[in-house]
Amino acid sequence: MERTVPDRPALDGLEEKWAARWEADGTYRFDRSTPRERVYAIDTPPLTVSGSLHVGHAFSFTHTDTVARYKRMRGFSVFYPMGWDDNGLATERRVQNYFGVRCDPSLAYDPSFEPPGSSGEPVAISRPNFVELCLRLVAEDEKAFEAVWRRIGLSCDWSHFYTTIDEASRRASQRGFLRLLARGEAYTAEAPTLWDVDFRTAVAQAELEDRERPGAYHRLCFHAADGSDLLVDTTRPELLPACVAVVAHPDDDRYARLTGSTVRTPLFGAEVPFVTHPLAQPDKGTGAAMVCTFGDTTDVTWWRELSLPVRAVVGRDGRLAPSPPEGLAPGGAELYRSNLAGLTVRQAQRRVVELLRDSGEMQGEPRPITHPVKFYEKGDHPLEIVTSRQWFFRTIAHRDELLQRGAELRWHPAHMRSRYEHWVEGLTGDWLISRQRFFGVPFPVWYRLDTNGRPDYSDPLLASEESLPVDPSTDAPPGFDESQRGKPGGFAAEPDVMDTWATSSLTPQIAGRWEDDPDLFARVFPMDLRPQGHDIIRTWLFATIVRSHLEFGCLPWRDAAISGWILDPDRKKMSKSKGNVLTPMDLLVRYGSDAVRYWAASARLGTDTAFDEGQMKIGRRLAIKILNVSRFVLTLPQGDEPPAGAGNLEPVDASMLASLDALVAEATAAFEGYDHARALERTETFFWSFCDDYVELVKNRAYGALGESRALSARLALEEALSALLRLFAPFLPFVTEESWSWWQDGSVHRAPWPSPGSTGGDPSVLHAARRVLAEIRRAKTEAGASLRAEVAKTTVSGPAALLGAVEAADDDLRQSGAVADLQLVEAGGDLAVEVVLA
RNA sequence: ACGCCCGUAGCUCAGUUGGUAGAGCAGAUGGCUUACAACCAUCAGGUCGGCGGUUCGAGUCCGUCCGGGCGUACCA
C-alpha cells in the first residue's frame with residue numbers, strides 16, 4: 001500500500017473526519033448472521049435524558065467502549081446498541097419547567113395547543129398534549145446526547161437504537177407485564193404505600209433515601225381506664241387523630257397492667273387498645289409508642305400484624321382530610337373539623353401542639369432532635385404513607401433465587417456483589433411498579449364497570465399480545481367499543497403508568513427485539529455484559545435480573561462491569577453555582593476526544609475518580625506522540641533489498657519484539673479480566689520506553705548508518721511494533737490510532753485483529769542491558785551540562801559475563817546513539833557498572 | 001448498628017500468588033538532538049494511616065484502632 005504520511009501530523013479535525021468515515025463504512029455495524037458463540041452482546045445503559053450531560057457519563061461509557069472495541073478486534077461481532085431512557089418523572093419535571101405546563105388528565109386533547117413558555121403560572125393541559133411535549137423535548141435532548149457520543153467515539157451501532165418510550169419498548173414492556181400477570185407474578189392490591197405528596201404518586205423502596213431532618217419529641221398524656229396518665233413520646237403529634245393503638249414490648253413490666261385494656265387519646269378522646277409487640281423498644285421514649293395509620297413503616301407492620309383498624313388523616317395532597325376519621329369522641333371530631341381539616345402536615349403539627357398546651361395534655365416542651373426521614377430521592381417533602389391500589393411484581397417470594405442469580409453473575413469488581421446481596425436481603429415488600437403519573441408506559445388493562453359505574457378490579461380486562469402496544473385511555477378493550485368508556489356496564493381504563501424501571505428492566509429484551517425478531521433475540525440473549533454505575537445496582541441491575549429470572553429462568557448477562565463516580569478535584573460534587581462545571585463537549589473540544597478517553601480509561605472499574613484535567617493533558621500528549629513516532633517509523637528511507645525473514649533480525653530488534661510479546665499477553669489477560677485500566681497502563685509504559693529508549697537506540701542504524709541490511713532489521717522491527725502498538729491503543733484512543741493506521745494500512749484499525757504474540761525468539765535482556773548503559777551515558781552528559789549529541793571518548797562497561805553478552809549484542813547501536821568513540825567491555829563481579837569519559 | 005471499599009512522594013495513582021518501595025504530574029537543573037519545543041534528558045521527593053501479631057523476611061497475610069467514602073438497616 002502507498003504510504004501517505006503528513007508532514008506535520010496533528011489531532012485537530014480527527015474526530016469529525018473519522019466519525020463520519022466510520023458511519024459511512026458501517027465500521028461498527030453488528031453482523032446479525034453471526035452465530036451466538038461469536039457474538040458479544042452489551043446491555044447498554046439507556047441514559048436518562050434530563051437535558052444535561054455530565055462528564056461522568058462520558059467516563060463510564062468510555063469504559064464500556066474499550067471493551068467493545070477489544071472484543072471486536074478479537075473477532076467477535078459486537079452487539080452494542082444505544083438507547084435513551086426518556087420516559088418517566090425526570091422528563092415530566094423538565095417539561096413542566098421548560099414549557100410552563102402541568103398535566104391534568106381530565107382535560108381533552110387540544111390539537112392546536114402551543115406551550116406558553118416557562119414564565120408565569122403553569123397552564124393545565126391534557127395528558128395527550130403533555131406526552132406530545134415530552135416527546136418533543138426528549139427529541140431535542142437526544143440530539144445533543146448523540147452528538148457527544150459520536151464525538152467521543154463510542155463504537156455503538158446506531159442502527160440498533162431504542163428509547164424506553166418508543167413503540168417497540170412499550171410493546172415489550174406491556175408484553176412482559178401481561179406474561180407475569182398470567183403467571184401470577186404480577187398483581188394489584190390496595191395497601192398502605194409510600195407516597196410523595198408533591199408528585200402525587202406512589203414510590204418504590206428502591207427510590208427512597210434517608211435525609212437527616214430536625215424534629216422533636218413531644219411527650220403526650222394518654223388516659224388509662226384507671227384514671228392514670230400514660231406518657232407517650234412522638235415526633236408526629238399531628239397524627240394523633242390517626243392513632244389506632246398504643247404499643248409496648250411484651251416484656252416491659254412497666255406496662256403489663258395495661259395490656260388488654262384500652263386507653264383514651266388526648267384531645268380527640270378515641271378509645272384505642274393497649275397492645276404489645278416485639279418491635280416496640282423499651283428504651284425508646286417512654287417505651288410506649290402510639291400506632292398511627294400511618295406514620296412510618298413500623299406502623300404498617302403493627303397495623304397488619306395486630307389487625308388494627310385504619311384511621312387515615314393525611315390525604316394524597318399531603319393535607320389533613322376534610323372530615324375526621326371514625327372513632328373520635330364527638331368533641332374530638334368537632335375539634336378536628338374546626339382546627340385541623342385541610343391543613344398541611346406542618347401546619348397541623350403546630351396547631352396540635354397549641355391545642356395540647358391548652359388542654360394540658362403535653363408534658364414539658366418539645367425536645368428537638370435530628371432523625372433520619374424517608375424521602376423520595378427526587379422529592380422535596382417527607383414521604384407519607386397512604387392507602388391506595390397499586391400494581392406489584394413479586395420479588396419477596398423469589399428472594400433466595402434472586403440471591404442465587406447474584407452469586408452466578410460475574411461482578412467486576414467482585415466486591416460489588418455484596419451491594420446486591422444487601423439490597424435483596426433487605427427487601428421489605430414486592431416491587432411496586434405503578435405510578436400515578438402521565439409520561440410512561442401505560443398498563444394494558446381496563447376494568448369492567450358495574451351497573452353503578454364502579455370498576456371491578458378483581459378481574460381486569462387485558463389487551464391481547466397482538467394488539468400491543470395499547471393506550472387504554474384511547475384504545476377500547478377487546479369486546480368493547482369506545483362508546484362504552486366510562487358508562488355503567490362499560491369499561492374504564494387503568495389510569496396509572498408503569499414506573500420507568502419496569503420498562504428499563506427489559507433493556508436486553510428491548511434491544512434484542514424479544515418476540516419481534518426471534519432470530520436476533522436468539523443471537524444476543526442472554527447478553528454478555530451489563531455495564532453500569534454502582535448507584536443503580538439496587539434499581540436497574542436488580543430489576544433486570546428479576547425480569548430475566550421470572551421470564552426466562554436465567555441471568556440476563558454473564559458479566560457486570562461496575563463503574564465508579566466522578567468527583568470534583570476537591571472531592572466534592574461539582575456545582576453549577578461554583579461555575580466550574582464543564583460539559584463533556586467543552587472538554588472534547590479543548591483536549592480532543594482521545595485525551596478525554598485516556599483520562600476515563602485510566603480509572604479502574606468500581607473506583608470513584610477525581611475529575612482531572614491534568615490526565616487529559618497527558619492523554620493529549622500521548623496522542624500527539626503516537627502521531628509523531630508513527631511518522632518517524634513510516635518515513636524512514638526505504639532500501640532496495642527484499643524483506644529479510646525474522647531470523648535475520650538484529651538481537652536488539654528481536655529483544656524489543658520479545659518484550660512486546662509479553663506486553664500483548666499482559667494486555668490481553670487484563671482485558672479478559674475486565675481490567676481495561678491495566679491494559680492501558682502497561683501499553684503506555686511500554687510505548688514510552690519504546691520511544692525514548694528503543695527508538696533512540698536504533699535511530700541511526702535505521703537511517704542506514706550501519707548499512708542497509710542492518711537498517712532493514714530495525715525498520716521491520718519498528719513497523720511490527722508500531723502495528724501492534726496502534727492496535728493495543730486502538731480501544732482507548734480510537735481516533736489517533738485510526739489516523740496513523742490509515743497512513744499505511746488498508747481498512748480500519750478497529751476491524752484489525754487484536755495482536756497475538758509472535759515467535760521472534762528474542763532475548764528481552766539485550767534491550768534491558770542496552771537501556772541501562774544508554775541511561776548512564778545520558779547521565780554523564782547531563783551532569784556535564786553537555787548536549788546529548790556530545791561525543792564520548794570512551795565508555796567502559798564492567799560486569800558479569802551474561803550481562804556483558806547482552807550489552808555486546810547491542811554495542812554498535814550504543815556507539816551510534818551515544819556518539820561513543822570507544823566502547824570497552826570488562827568482565828567483573830557484581831552488577832553492571834558504566835564509566836563514561838566525555839571527549 | 002452492621003457490611004463493603006479506600007488510606008503508598010506536594011498531587012493523581014500502580015504495586016497480580018509475601019522477597020531491597022514504582023510511574024506520571026507538579027518542582028529543580030541541563031539540552032533547539034534531521035519523528036516530536038505541544039519536545040528531550042537528568043535530578044530530587046515516601047517510617048507505605050497508628051499499634052500489635054505471624055514469618056528468615058510484611059505496602060502485601062492476621063488482629064485491633066483512627067480517618068474518609070459508600071451501602072443496608074433503624075426511624076415512636
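The sequence lines fix the lettering, A, B, ..., with proteins before strands; numbering per chain opens at 1.
- Here A:A790 lies out of heavy-atom contact (under 4.0 Å) with every strand.
- Of the side-chain N and O atoms in A:T298, one or more sit less than 4.0 angstrom from OP1 or OP2 of B:C75.
- Residue A:R211 is classed as having no contact, given no heavy-atom separation below 4.0 Å to the nucleic acid.
- The gap from the P atom of B:U64 to that of B:C74 amounts to 27 Å, rounded to the nearest Å.
- Looking only at distances, no side-chain donor or acceptor of A:K625 sits under 3.5 Å from a matching main-chain atom of A:W688.
- Using C1' as the reference atom, B:U20 and B:C11 are 27 Å apart when rounded to the nearest Å.
- Contact check, A:R621 against B:C40: a side-chain N or O comes under 4.0 Å of OP1 or OP2.
- Between B:G22 and B:G59, the distance separating the two P atoms is 13 Å to the nearest Å.
- Taking the six-membered ring where the residue is Trp, A:W302 and A:H277 present perpendicular rings, their angle passing 60° and hence far from 30°.
- For the pair A:R778 and B:G30, the criterion of a side-chain N or O lying under 4.0 Å from OP1 or OP2 is not met.
- Regarding contacts with the backbone of B:C39, every side-chain N or O of A:R620 stays at 4.0 angstrom or more from both OP1 and OP2.
- Side-chain nitrogen and oxygen atoms of A:R419 include none within less than 4.0 Å of the OP1 or OP2 phosphate oxygen of B:U72.
- Not one N or O on the side chain of A:R701 forms a donor-acceptor pair closer than 3.5 Å with the backbone of A:A711.
- Residue A:E696 is classed as a base contact, given a heavy-atom separation below 4.0 Å to a base.
- Between the P atoms of B:C48 and B:C40, the separation comes to 33 Å (whole Å).
- The side-chain hydrogen bond (donor to acceptor under 3.5 Å, both in side chains) test with A:Y591 is passed by exactly one of A:R597, A:E613, A:R620: A:E613.
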At a cut-off of 3.5 Å, list every protein nitrogen or oxygen paired with a nitrogen or oxygen from nucleotides 8-11 of chain B, distance to 0.1 Å.
none

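- Taking CZ from A:R213 and CD1 from A:I369, the interatomic distance works out to 13.5 Å, rounded to the nearest 0.5 Å.
- By the 30° and 60° cut-offs, the orientation of the rings of A:F59 relative to A:W599 is tilted.
- At the heavy-atom level, A:R236 lies nowhere under 4.0 Å from the strands shown.
- Nucleotide B:G59 is shown with an anti base, its glycosidic torsion being more than 90° from 0.
- Heavy atoms of A:Q205 sit under 4.0 angstrom from primed sugar atoms or phosphate atoms, though from no base atom.
- Look at A:K625 and you'll find a side-chain N or O under 4.0 angstrom from OP1 or OP2 of B:C40.
- With sequence neighbours excluded, no residue satisfies salt bridge (charged side-chain N to carboxylate O under 4.0 Å, His left out) with A:R417.
- A:K374 comes within contact range of at least one nucleobase, with a heavy-atom separation under 4.0 Å.
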